[in-house]
Amino acid sequence: MLSTLNFSGDQLWGSIPSSLSNLRRLTLLDLSSNNLTGQIPVALGNLSRLAFLYLPGNRLSGNIPWHLGRLRNMREMDLGSNILSGQIPSALANLTSLNSLVFSDNRLSGPIPEELGQVQTLQELVFEKNNLNGILPRSFGNLTELRYLTAYLNQLTGPVPVEFGMLSNLIGLDLSVNRLTGSVPSGVAGNLTSLTYFALWDNHITGSIPHEFGNLVNLEALLLSDNFIVGSVLPSIGNMSSLKQIAINNNSLSGELPPEFGNLEKLEYLISYQNKLSGSIHQSFGKLKSMIEMRLFNNKFSGPLPPGLSNLTNLVAIQLADNQLTGHLPDLCHGKKLQVFRLFRNNFDGPVPKGLRDCSSLIYFGISKNQIEGDISEAFGVYPHLSDINLSSNRFKGRLSPNWGSCKNLTGINFEDNMIEGGIPSELGGLKNLRRLILSFNRLTSEIPPEIGKLTNLYWMDLRNNKLSGQIPKQIGQLSNLEILHFSSNLLSGKVPEEIGNCLKLQSLHMENNNSLNGSLPGSLGNLASLQRMLDLSMNSLSGPIPPELGKLEVLMFVNFSHNQFSGAIPVSIASMQSLTMFDVSYNFLEGSIPKGIRNASAEWFLHNKDLCGDLIGISPCNLPLADHRRKHQKIILSIGLPMFAAAISVVVACVIAFFICRKKVSQRTDDVNKRDVFSVWSFDGKMAFEDIINATDNFDEKHCIGEGSSGIVYKAELQDEQVVAVKKLHGGDEEAHDEERFQHEIEMLTKIRQRSIVKLYGYCSHPRYRFLVCQYIEKGNLASILSNEELAVQFHWQRRVALIRDVAQALTYLHHDVHPPIIHRDITSRNILLDAGYKGFVSDFGIARMLKPDSSNWSALAGTYGYIAPECSYTSLVTEKCDVYSFGVVVPEVLMGKHPGD
């Protein structure tokens with residue numbers, strides 16, 4: 001009779017036949033790494049002699065049958081890498097001879113059965129990559145033969161049981177990426193002397209690092225990152241003589257790293273970034289000769305680096321960015337293995353060490369925002385593997401070397417904000433992989449080399465604030481992947497090349513300020529359908545008509561053509577630019593009527609032209625027949641009218657004086673009333689008024705209510721012209737009620753916001769009885785309600801979800817970077833993101849938005865929604881753009897998961 005059946009990796013498909021149960025003498029069944037589907041047959045529970053069952057790497061689904069608990073001779077069972085669901089059956093506790101049990105990479109849920117703690121023969125338990133929840137069974141402390149316990153990437157909660165300290169034979173313990181709480185029990189930390197791998201990263205562990213870890217002399221990896229651990233790193237850690245890897249990053253550790261670290265001669269990876277560690281890096285670190293990677297960025301380390309670090313000849317990566325380190329840069333390339341050198345945002349000074357100049361192994365080199373100095377043409381060599389170099393915001397002088405063109409793997413060059421002179425080497429055109437070229441804020445001269453057109457992978461080129469001259473090379477049109485182009489504040493001349501219309505991915509184009517571009521604008525600019533953020537050609541000498549082709553740029557938000565010599569009429573097509581937020585053509589020679597329909601048009605955009613007219617306040621109306629008549633008969637009118645005017649003026653003055661004397665008393669009586677009774681409503685059609693809103697909502701009747709937030713109640717208002725708006729009636733106790741002037745100023749700023757993924761604010765009302773905002777009405781309601789509605793969630797398919805995430809990101813980018821001063825929303829949640837009929841996303845509710853003044857702190861009361869507020873806001877109350885980004889980072893997984901990601 002057959003005792004072994006092995007079809008591992010034979011590309012079998014279909015389901016496992018129940019007829020296998022007839023092979024009663026079978027002791028080994030291996031069907032791993034095939035394409036088997038369906039459920040695990042219940043009949044396999046009849047194979048009473050089966051000792052080894054291997055089914056991993058298939059597509060088996062359904063529950064694990066409890067009948068497998070009958071296999072009393074079972075020693076190894078591997079069901080990993082399938083799509084099994086449901087709970088782990090407690091009947092498996094009957095397998096009293098079991099040594100290895102593997103459930104990894106399935107969809108199992110529910111708690112881990114407490115009964116498994118009875119199988120004292122277990123040596124390996126693997127639960128990783130499932131949806132198991134509940135607490136870890138304390139009964140596992142009975143598994144004294146257990147050598148490996150892995151429950152990585154589940155949803156387990158509660159503390160690590162102190163009973164785990166009884167597992168004296170345990171070699172590997174991995175409970176990472178769960179929701180475990182409490183501190184690390186000292187017994188677990190100190191008693192497991194056989195342990196070589198201990199991982200608790202990405203949990204909710206609190207407390208300090210137990211000094212008992214010093215007893216684990218066999219431990220090779222200690223991984224506690226991404227928790228809430230506090231306190232200092234104790235000297236006892238220096239006793240862990242076998243330690244090769246320690247990862248304690250993303251906690252709240254403080255104090256100095258003890259000099260006892262120098263005893264860890266086998267240490268290869270020291271990862272402790274994103275903490276609050278301070279003090280100097282001790283000279284004993286020079287003894288860590290096995291060190292491969294040291295990541296200590298985002299701390300508070302200070303003082304110079306110890307010279308002994310140059311002894312670390314095995315070093316591949318050192319990352320010390322965002323500290324307060326001083327002194328000269330260390331030479332860390334003695335072993336010729338260094339690949340990553342990231343020391344930006346410190347206070348290093350002096351020259352680049354000669355050893356780094358010849359460090360051909362470098363892949364990334366970043367020392368931006370220090371005080372490094374020297375001649376850039378002599379400080380660097382040729383780096384065949386270098387991918388990215390950032391020297392920005394230092395004190396480099398000299399000229400760019402042609403040798404940079406020999407670093408063929410470069411994808412990013414950033415030499416911004418130095419004192420570099422001379423021209424841009426034409427050899428840079430040989431960098432076929434280059435994606436970012438940032439040379440702004442230097443002293444570069446000469447012309448832009450035409451070889452720049454060979455950089456076909458370039459998406460970002462920033463050459464602003466230099467002294468570049470000559471014409472823009474027409475080869476610029478070969479940059480088919482270019483998205484951002486900055487040529488502003490140079491000495492460029494000549495025409496804007498027609499070929500620039502071939503840069504079809506261009507999103508932002510700057511050529512303004514101190515250039516001398518002339519001639520007419522090419523109509524090919526209308527081909528730039530991706531142009532979204534900015535088209536700025538102001539302060540040049542451009543002339544001729546504005547091309548009507550610009551009307552095709554439907555997603556463009558900002559246009560600035562001011563301070564040029566444009567003439568003729570403004571094309572009517574400009575009104576079709578749906579996203580337009582600014583169209584500044586002031587200080588030109590334009591004439592004719594301003595096209596109707598330009599969104600949110602301001603008179604300031606059109607001032608100081610030859611003869612523009614329109615319906616805007618501050619602009620002359622377009623009464624062309626009367627104007628022609630006046631011009632023809634101007635002399636006649638003046639000759640007859642002047643004597644009559646002189647005679648009448650005295651009478652008028654007398655009447656005016658008498659009127660104001662009579663009015664003065666009335667004015668004094670009504671001033672106080674006017675100050676208390678102020679309301680103003682702006683509208684998209686110019687007809688909406690206070691009474692329209694009151695009538696449309698039946699004086700804010702409950703039947704028109706469509707939602708309520710922390711700052712007010714939202715009503716749907718259908719106006720008489722069949723247009724629909726949303727009206728947010730603010731709560732009476734709103735804090736701005738005590739500062740009317742500030743409230744009006746902020747709302748007026750918000751009405752100017754125009755971005756296609758932000759709910760439009762049409763106007764406001766401030767009245768003793770009512771304070772409300774008038775906004776764009778979005779049909780489907782908020783994101784949270786759609787995700788919770790099964791029918792709507794199905795229609796909200798993946799393409800729509802990804803598009804919504806992009807829409808919200810673009811809206812935040814606009815608020816943070818394109819508005820001056822920037823606006824912080826402060827309450828980005830799924831309830832403040834609305835969807836229209838096509839499931840397009842709109843960011844709403846600026847009821848708690850505030851203006852952030854650049855270069856100043858913005859302290860305010862805690863605002864926002866629990867579960868979305870950045871942690872630093874809860875204990876510092878410091879509100880910055882990063883708070884919005886954090887909240888956005890919560891919304892993204894909520895959109896993808898269909899529910900809030902939880903704690």
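Here, residue 1 is the first one in the sequence, and each next residue gets the next number.
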(request) Take N560 and L537 through the side chain to side chain contact (heavy atoms under 4.5 Å, CB included) test and state the conclusion after the steps. (result) CA-CA 6 Å; N560 192 348; L537 300 171; over 6 Å; no
(message) Is there a side chain to side chain contact (heavy atoms under 4.5 Å, CB included) between L525 and L550? Walk through the geometry before answering.
(response) CA-CA 7 Å; L525 287 176; L550 294 183; 3.8 Å; yes
(request) Applying salt bridge (charged side-chain N to carboxylate O under 4.0 Å, His left out), run through R826 and D884 and close with a yes or a no. (result) CA-CA 6 Å; R826 298 206 309 174; D884 281 351; over 6 Å; no
(request) Determine, stepwise, if the pair I472 / M511 fulfils side chain to side chain contact (heavy atoms under 4.5 Å, CB included). (result) CA-CA 10 Å; I472 298 171; M511 295 183 179; 3.6 Å; yes
(message) Pair I372, L329 - check side chain to side chain contact (heavy atoms under 4.5 Å, CB included), show working.
(response) CA-CA 8 Å; I372 312 300; L329 291 177; 3.8 Å; yes
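No donor-acceptor pair under 3.5 Å is formed between the side chain of N403 and the backbone N or O of S401. A donor-acceptor pair is defined here as one N or O able to donate and one able to accept, closer than 3.5 Å; no such pair exists between the side chain of N390 and the backbone of S368. In this structure a side-chain-to-backbone donor-acceptor pair under 3.5 Å is missing from D536 to E512. Proximity of a side-chain donor or acceptor of N418 to a complementary backbone N or O of F396 within less than 3.5 Å is detected. At distances below 3.5 Å, not a single donor-acceptor pair connects side-chain atoms of N600 with backbone N or O atoms of T581. Side chain of N588 to backbone of S586: a donor-acceptor contact under 3.5 angstrom is found. A distance-only check finds a donor-acceptor pair linking the side chain of N346 to the backbone of Q324 [under 3.5 Å]. A donor-acceptor pair under 3.5 Å is formed between the side chain of N394 and the backbone N or O of Q371. Judged by distance alone, the side chain of N433 and the main-chain N or O of L410 form no donor-acceptor pair under 3.5 Å. A donor-acceptor pair is defined here as one N or O able to donate and one able to accept, closer than 3.5 Å; such a pair exists between the side chain of S576 and the backbone of G551.
The number of heavy atoms from other shown groups lying within 6.0 Å of CZ (R357) is above 12. Annotation: E604, atom CD; neighbour count of heavy atoms from other residues, nucleotides and ligands within 6.0 Å does not exceed 12. Other residues, nucleotides and ligands place more than 12 heavy atoms under 6.0 Å from the NZ atom of K840. Residue K369 qualifies as open at atom NZ: its count of foreign heavy atoms under 6.0 Å is 12 or below.
Of all heavy-atom pairs spanning N490 and N515, the tightest one is C-OD1, 3.1 Å. Here the closest non-hydrogen pair linking G501 and N527 is O-CB, 3.5 Å. The minimum heavy-atom distance linking F441 with E416 is given by the pair CD1-OE2, 3.7 Å. Among all heavy-atom pairs drawn from M577 and R599, the shortest one is O-CD, 4.4 Å. Nearest heavy atom pair, residue H825 against residue N832, reads CE1-ND2, 4.0 Å. The minimum heavy-atom distance between S538 and N564, with the atom names listed, is CA-ND2, 3.7 Å.
Between F487 and H510 the shortest side-chain heavy-atom distance does not fall below 4.5 Å. Looking at heavy atoms from C-beta onward, R533 lies in side-chain contact with T813 at the 4.5 angstrom threshold. By the 4.5 Å heavy-atom criterion applied to side chains, L482 and M461 are counted as neighbours. Under the 4.5 Å side-chain criterion, counting only non-hydrogen atoms from C-beta, L492 is in contact with I448. At least one side-chain heavy atom of I574 sits less than 4.5 Å from a side-chain heavy atom of I598. Using a 4.5 Å heavy-atom threshold, the side chains of I619 and L607 count as touching. You'll find the side chain of F365 stays beyond 4.5 Å of the side chain of D388, heavy atoms only. Put simply, the side chain of K408 does not reach to within 4.5 Å of the side chain of K432, judged on heavy atoms.
Exactly one of N298, N323, D322 qualifies for a side chain to side chain donor-acceptor pair (under 3.5 Å) with R345. That residue is D322. Partner L434 forms a side chain to side chain contact (heavy atoms under 4.5 Å, CB included) with one of I452, N457, I413, T411 and no other, that one being I413.
How far SG of C503 is from CD of Q478: 9.5 Å, rounded to the nearest 0.5 Å. Separating the CE atom in M557 from the CE atom in M534 is a distance of 9.0 Å, to the nearest 0.5 Å. To the nearest 0.5 Å, atom CG of residue N347 and atom CG of residue L325 are 8.5 Å apart. Between the CD1 atom in I424 and the OG atom in S446 there is a gap of 8.5 Å [rounded to 0.5 Å]. N409 contributes atom CG, which lies 9.0 Å from atom CD1 of I363 (distance to the nearest 0.5 angstrom). Note that CG of L491 is 9.5 Å distant from OG1 of T445, once rounded to the nearest 0.5 Å.
Judged purely by distance below 3.5 Å, without hydrogens or angles, the side chains of S489 and N513 pair a donor atom with an acceptor atom. A side-chain N or O of D417 and one of S393 form a donor-acceptor pair less than 3.5 Å apart. There is no side-chain donor-acceptor pair under 3.5 Å between S757 and Q810.
Salt bridge K596/D615: present, at least one basic N to carboxylate O contact under 4.0 Å. Ion pairing between K397 and D375 fails under the 4.0 Å rule for side-chain N and carboxylate O.
A cation-pi arrangement, defined by a distance under 6.0 Å to the six-membered ring centre and an angle within 45 degrees of its axis, is present between R342 and Y364. Because its NZ or CZ atom is not both nearer than 6.0 Å to the ring centre of Y886 and within 45° of the ring axis, K882 does not count as a cation-pi partner of that residue.
Not less than 6.0 angstrom separates the ring centroid of F566 from the ring centroid of F589. A centroid separation of less than 6.0 Å is found between the aromatic rings of F415 and W404.
The aromatic rings of F606 and F583 sit tilted, their planes meeting at an angle between 30° and 60°.
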